[in-house]
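Here the structure is laid out as structure tokens; the discussion comes afterwards.
This structure is a prediction, so every number in the text was calculated from the model and none was measured. Remember, it's 1-based here, ligands and their atoms both numbered in the order they're listed.
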Amino acid sequence: MRGFFRRWYGAWRRTRLGTRITLGLGALALVVFAAVGVTTVGIMHGYLDRRLDEQLSKSQNTQVPTLRETHGSPQSVYSWYSALYSVRDGVATPEPGGMLPGDGKQLAKIAADAVGGDVTRDIYLYDDGPYRVRACPVDTDSVLLSAAPQGDLNGTVRQLVWVEVGAFALALAVLVVVGRLVLRRGLRPLADMAGTAHDIAAHDLTANPDLPVRASGSGGGVEVEELRTAFNVMLAHIDTSLAARTEANERLRRFVADASHELRTPLTSIRGYADLFRYAAANEPAEREAHLSKIREETARMTVLVDDLLLLARLDARAAETPLRPERTDLAELAGDAADAFAAGRPDHPVTTSLDPALVDADPVRLRQVLDNLLANAAVHTPPGTAVHVAVAVEGAGAVARVTDAGPGIAPADQERIFDRFFRVDDSRTRSGGGTGLGLSVVQSLVTAHGGTVSVESAPGRTTFTVRLPLARS
Ligand code: ADP
């Protein structure tokens with residue numbers, strides 16, 4: 001038994017929503033129809049009973065005065081049975097001339113009871129069926145009794161029951177069939193959405209991180225419309241976050257590949273110089289120092305590269321482990337120091353300055369690194385003798401530092417990419433000059449970490465890098 005219920009419950013849980021609602025509606029309609037049916041049949045039965053009683057009493061009332069005088073035979077109205085009973089000592093005996101159905105014992109008892117007043121009863125006669133019997137006293141010792149067969153009345157009620165059963169069954173069938181159709185139509189948008197969800201489930205996100213599927217169609221009511229919109233917004237979110245993740249992964253992969261590649265170059269050089277050093281140690285001791293200093297140079301280059309990579313990695317991690325120690329700093333002072341160091345270190349590039357004080361809350365060491373990188377680029381990527389200008393000013397709510405050179409400039413197509421990691425405009429030429437292609441990436445990451453921006457404007461003869469930082473809050 002329990003197994004049967006479990007199976008039944010399992011089947012119900014697997015039933016579609018539309019079928020469930022239809023079955024629920026059907027059950028509800030069945031209950032309503034049953035209630036309506038029972039009530040109407042009850043009312044009808046009551047009405048017919050009352051009418052029969054009225055007819056019985058009316059026919060008897062019209063006969064009683066005549067019978068009181070004549071004591072003759074009572075009239076037979078419709079197909080009723082009527083008889084006059086004489087009652088003596090509580091025993092009723094039918095007078096001749098009356099008409100009585102079957103065994104008259106039950107009737108005689110009713111007639112005896114009716115001496116004191118009208119009596120109405122339902123009886124069932126064995127071979128004749130149900131009867132409504134009414135007896136009323138004619139005078140002190142005689143009673144008029146009429147028995148009306150209830151077969152017709154019951155037949156009418158039975159007919160009504162069948163008509164109702166037929167009509168209700170038809171209505172129920174129409175309700176279930178039409179309701180199922182209407183519900184299926186109404187629930188189609190939900191089924192479509194479920195289809196979309198299945199499509200997504202079948203979609204291999206690892207192979208193809210795009211989610212091109214969306215719940216399409218329109219209509220279905222406000223709730224369905226809202227659900228569809230929410231569904232599509234959710235899909236769009238998943239789509240963008242997937243795209244962002246894929247792009248971040250791709251960037252990381254490229255970064256690791258580029259970094260390994262860049263690290264391999266000085267390592268190869270170091271190995272080469274180490275071999276030369278060993279050879280020189282045995283054969284040409286005079287050249288040993290030259291090879292050793294080359295090894296040192298390459299090591300220094302590698303150290304710069306590794307430092308830059310580490311800094312970028314830390315800036316990428318952002319909140320977790322920030323490498324910045326901000327303090328109130330005058331950007332003009334920093335730029336002045338950087339320009340002085342530049343003038344001393346690169347005497348072949350004349351440098352001029354125009355510095356207005358501009359206070360910022362920033363890490364002075366890192367800001368100096370930004371300025372040094374920009375100045376170094378102005379020296380490395382321009383021919384000797386190229387003039388360099390450093391300016392600091394307050395513009396609106398920002399402190400602005402500009403490093404301008406009169407060099408050959410950067411082609412418009414390259415300007416968009418110079419901030420990319422490991423990007424160099426002319427790979428072979430600048431590599432010999434020692435550039436790693438990370439300088440501007442570091443500049444951009446540091447400035448962004450300070451809440452600022454960096455941009456470039458370049459044309460032959462004038463290249464300007466502009467760093468904007470938020471002013472210190474007073
Ligand atoms: P690196 O200087 O190590 O090559 P950067 O990221 O600093 O790398 O610069 C990227 C590229 O942008 C450089 O290779 C260079 O071609 C170009 N560049 C940067 N600054 C200048 C400049 N002032 N004038 C011309 N080209 C520049």
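- Contact atoms of ligand 1 toward Arg424: 4 (O), 14 (O) (distance under 4.0 Å to a heavy atom of the residue).
- Evaluated by nearest non-hydrogen atom to atom 23 (N) of ligand 1, the leading choice among Val425, Asp308, Thr386, Asp405 is Asp405.
- Checked by atom type and distance alone, the side chain of Thr15 never pairs as donor or acceptor with a backbone atom of Arg20 at under 3.5 Å.
- A distance-only check finds no donor-acceptor pair linking the side chain of His381 to the backbone of Gly409 [under 3.5 Å].
- Residues passing the salt bridge (charged side-chain N to carboxylate O under 4.0 Å, His left out) test with Arg253, sequence neighbours excluded: Glu250.
- Between Thr464 and Val456, the closest side-chain pair of non-hydrogen atoms is not below 4.5 Å.
- When the options Pro408, Gly437, Gly439, Ser441 are ranked by their closest heavy atom to atom 3 (O) of ligand 1, first place goes to Gly437.
- Between the choices Val380, Asn377, Leu374, the shortest heavy-atom distance to atom 19 (C) of ligand 1 belongs to Asn377.
- Note: an N/O pair closer than 3.5 Å links Thr436 and ligand 1 by distance alone.
- When non-hydrogen atoms are compared, ligand 1 lies under 4.0 Å from the backbone of Leu440 as well as from its side chain.
- Each of the atoms 20 (N), 23 (N) of ligand 1 lies under 4.0 Å from some heavy atom of Phe465.
- Between His381 and ligand 1, at least one N/O pair is under 3.5 Å apart.
- Checked against Thr22 for a side-chain contact (heavy atoms from CB on, under 4.5 Å), the options Leu175, Leu17, Val176 give a single hit: Val176.
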Distance-only donor-acceptor hits, side chain of residues 28-41, under 3.5 Å, sequence neighbours excluded:
| residue | atom | partner | partner atom | Å |
| --- | --- | --- | --- | --- |
| Thr39 | OG1 | Ala35 | O | 2.6 |
| Thr40 | OG1 | Val36 | O | 2.9 |
| Thr40 | OG1 | Gly37 | O | 2.9 |
| Thr40 | OG1 | Glu164 | OE1 | 3.1 |
| Thr40 | OG1 | Glu164 | OE2 | 2.4 |

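- For atom 11 (C) of ligand 1, the nearest non-hydrogen atom from the set Phe419, Phe423, Phe422 belongs to Phe423.
- Looking at heavy atoms from C-beta onward, Arg421 lies in side-chain contact with Ser445 at the 4.5 angstrom threshold.
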